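All remarks here apply to the structure that follows.
A quick note: this is a predicted structure, and the numbers were derived from the prediction, not measured. To find a chain, count down the sequence lines: A is the first, B the second, and so on, and within it residues start at 1.
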Protein chains: 2
Amino acid sequence: MRWQPDAVGRLQASALELFAERGYDATTVADIAGRAGLTRRTFFRHFTDKREVLFVGSEQLLQAFLAAMEAADLDAPPLDTVIVGVEALADIFGPERHQFARTRAAIISSCPELHERELIKLASMSAAAAETLRTRRVPGPVATLAADTGVNVFHATFTRWIAQDDPAAFRRILHEVLRTLSSLIAHHRSDTDTAALT
Amino acid sequence: MRWQPDAVGRLQASALELFAERGYDATTVADIAGRAGLTRRTFFRHFTDKREVLFVGSEQLLQAFLAAMEAADLDAPPLDTVIVGVEALADIFGPERHQFARTRAAIISSCPELHERELIKLASMSAAAAETLRTRRVPGPVATLAADTGVNVFHATFTRWIAQDDPAAFRRILHEVLRTLSSLIAHHRSDTDTAALT
DNA sequence: GTCTATAGTGCGATAGAC
DNA sequence: GTCTATCGCACTATAGAC
């Protein structure tokens, strides 16, 4: 019974099932470990806390995102560099992940504690992207704004992706979001600004 | 000794001083209450927890933001409506608030616990803005994107405002940020998109 | 593991404003 | 007297020191 492979994966799967069945709060770490054929102690050897079992994937996500940004054309405008990173995530959020992502999102939105953790992950994604841009000699404030904008685009894309039914639509939705953003800015009349400047 | 006016204000001032002097973790609620001439118990009558003493202002901020959005031209494009809300915050972040905002920001960035709380406040600001836009018949996904973008602009503006030395520069910086954002989007070449579409 | 310090809560008592 | 902000005490929970 011991030393079955992929303890982390089994714990994640068990946690997702139990959270979906009974809710996050009503599930104990012992329940999760039990279903995975492991002990409470082993759970905490792999995850720092109960929440973290839902967020391990975001580490590899961040790596893929940053790697793609690093590989982007050095002459690319800042926002393009970030979007190249988001594009790379389309490979991670493929059709096979759609159902998983939906279930996970439903759990997260049901619990403020988890929602907070997600905000933190998005913020660190943005901070890392800004840092990468700064390495490319993009001025700090511009880097921050471009990074935040890119992460917004990612978040909007992800949200729409799980809200609709085509599991393969991530990349298409990403471009829809980019078009929406462009038109939002394009329709923004700067006479709102100039009026306020006088 | 009892019944001195403005208990909340005194508690906020004491907290800010002590956090700046000794750090957030090294300050106990009893210390704060003591300096304000009150007791620990009274502190918790006014604030749900220790962090909240640094965030009460954000409630009135949210109200001013939403009120300005409500008052905006009904025909205005979505992003303009949100920016009208941000413009209104220039009145709150006037010169007299500059030093306070700087001190507060330094404290918040020194403690992850506080940083989280700030992320949550920004997220609820975005959610409220999106809700207001939806009331104006802006489609949900567009509303979310416009709201997030506006809150980003606010955050970038605020960050630059406290990083520089002119206490009256909030509105000017806001327009700088808007120009930066426009140019970021303008320089974004959509052949990145079309290439990925093929 | 124990021990300590602190966050945070419930409830009843008290001091002052009216 | 009423009303309410403040207070005092006893409690639980938890994080860290040892």
Side-chain angles (χ1 to χ4, degrees), chain A residues 11 15 18-19 22-34 38-56 58-59 107-108 110-121 123-124, chain B residues 1-63 100 103-124:
Chain A
L11 286 167
L18 287 165
F19 292 160
R22 326 177 182 169
Y24 177 79
D25 289 325
T27 304
T28 72
V29 172
D31 293 336
I32 300 167
L38 297 166
T39 69
R40 216 182 103 85
R41 188 78 190 82
T42 307
F43 180 94
F44 284 112
R45 261 174 34 82
H46 293 290
F47 309 103
T48 59
D49 58 51
K50 186 176 154 189
R51 295 180 243 172
E52 202 57 23
V53 71
L54 284 169
F55 290 93
V56 276
S58 54
E59 184 54 33
I107 295 165
I108 287 176
S110 77
C111 176
E113 198 177 347
L114 297 171
H115 201 268
E116 289 179 32
R117 182 67 65 108
E118 184 155 74
L119 288 178
I120 294 166
K121 296 285 180 179
S124 54
Chain B
M1 205 61 176
R2 272 211 228 183
W3 290 105
Q4 287 193 343
D6 194 21
V8 170
R10 272 152 52 219
L11 286 167
Q12 282 181 264
S14 305
L16 202 79
E17 287 168 24
L18 287 165
F19 292 161
E21 287 169 18
R22 326 178 182 168
Y24 177 80
D25 288 326
T27 305
T28 73
V29 173
D31 293 335
I32 300 167
R35 179 168 297 203
L38 296 167
T39 68
R40 221 179 85 81
R41 196 66 191 80
T42 305
F43 179 95
F44 286 111
R45 261 184 53 79
H46 293 290
F47 308 104
T48 60
D49 58 52
K50 187 177 159 188
R51 305 171 207 78
E52 201 60 19
V53 72
L54 285 169
F55 290 94
V56 275
S58 55
E59 185 54 35
Q60 83 186 69
L61 185 137
L62 182 60
Q63 295 312 318
F100 169 83
T103 308
R104 181 178 169 282
I107 295 164
I108 287 176
S109 68
S110 77
C111 176
E113 201 177 343
L114 296 170
H115 202 269
E116 288 181 32
R117 182 71 61 110
E118 183 155 76
L119 289 178
I120 294 167
K121 297 283 181 179
L122 286 171
S124 54

**Q.** Trace of the side chain to side chain contact (heavy atoms under 4.5 Å, CB included) decision for B/Leu54 with B/Leu16
**A.** CA-CA 8 Å; B/Leu54 285 169; B/Leu16 202 79; 3.7 Å; yes
(Q) Less than 4.0 angstrom between a side-chain N/O of B/Thr42 and OP1 or OP2 of D/dT6, yes or no? (A) no
Q: Determine yes or no for a side-chain-to-main-chain donor-acceptor pair under 3.5 angstrom, with B/Arg10 supplying the side chain and B/Gln4 the backbone.
A: yes
Q | Side-chain (B/Thr28) to main-chain (B/Asp31) donor-acceptor, under 3.5 angstrom | A | yes
Q) What heavy-atom pair brings B/Leu11 and B/Ala33 nearest, and what distance separates the two atoms? A) CD2-CA, 3.9 Å
Q | Phosphate contact (D/dA5 OP1 or OP2) by B/His46 side-chain N/O below 4.0 Å | A | no
Q. Could you run down nucleotides 3-12 of chain C 5' to 3' and tag each one B, S or - for protein heavy-atom contact under 4.0 Å?
A. ---SBBBBB-
Q | Salt bridge A/Lys121-A/Glu52, side-chain N to carboxylate O under 4.0 Å | A | yes
Q | Nearest-angstrom distance from the residue atom CD of B/Gln4 to P of C/dA17 | A | 12 Å
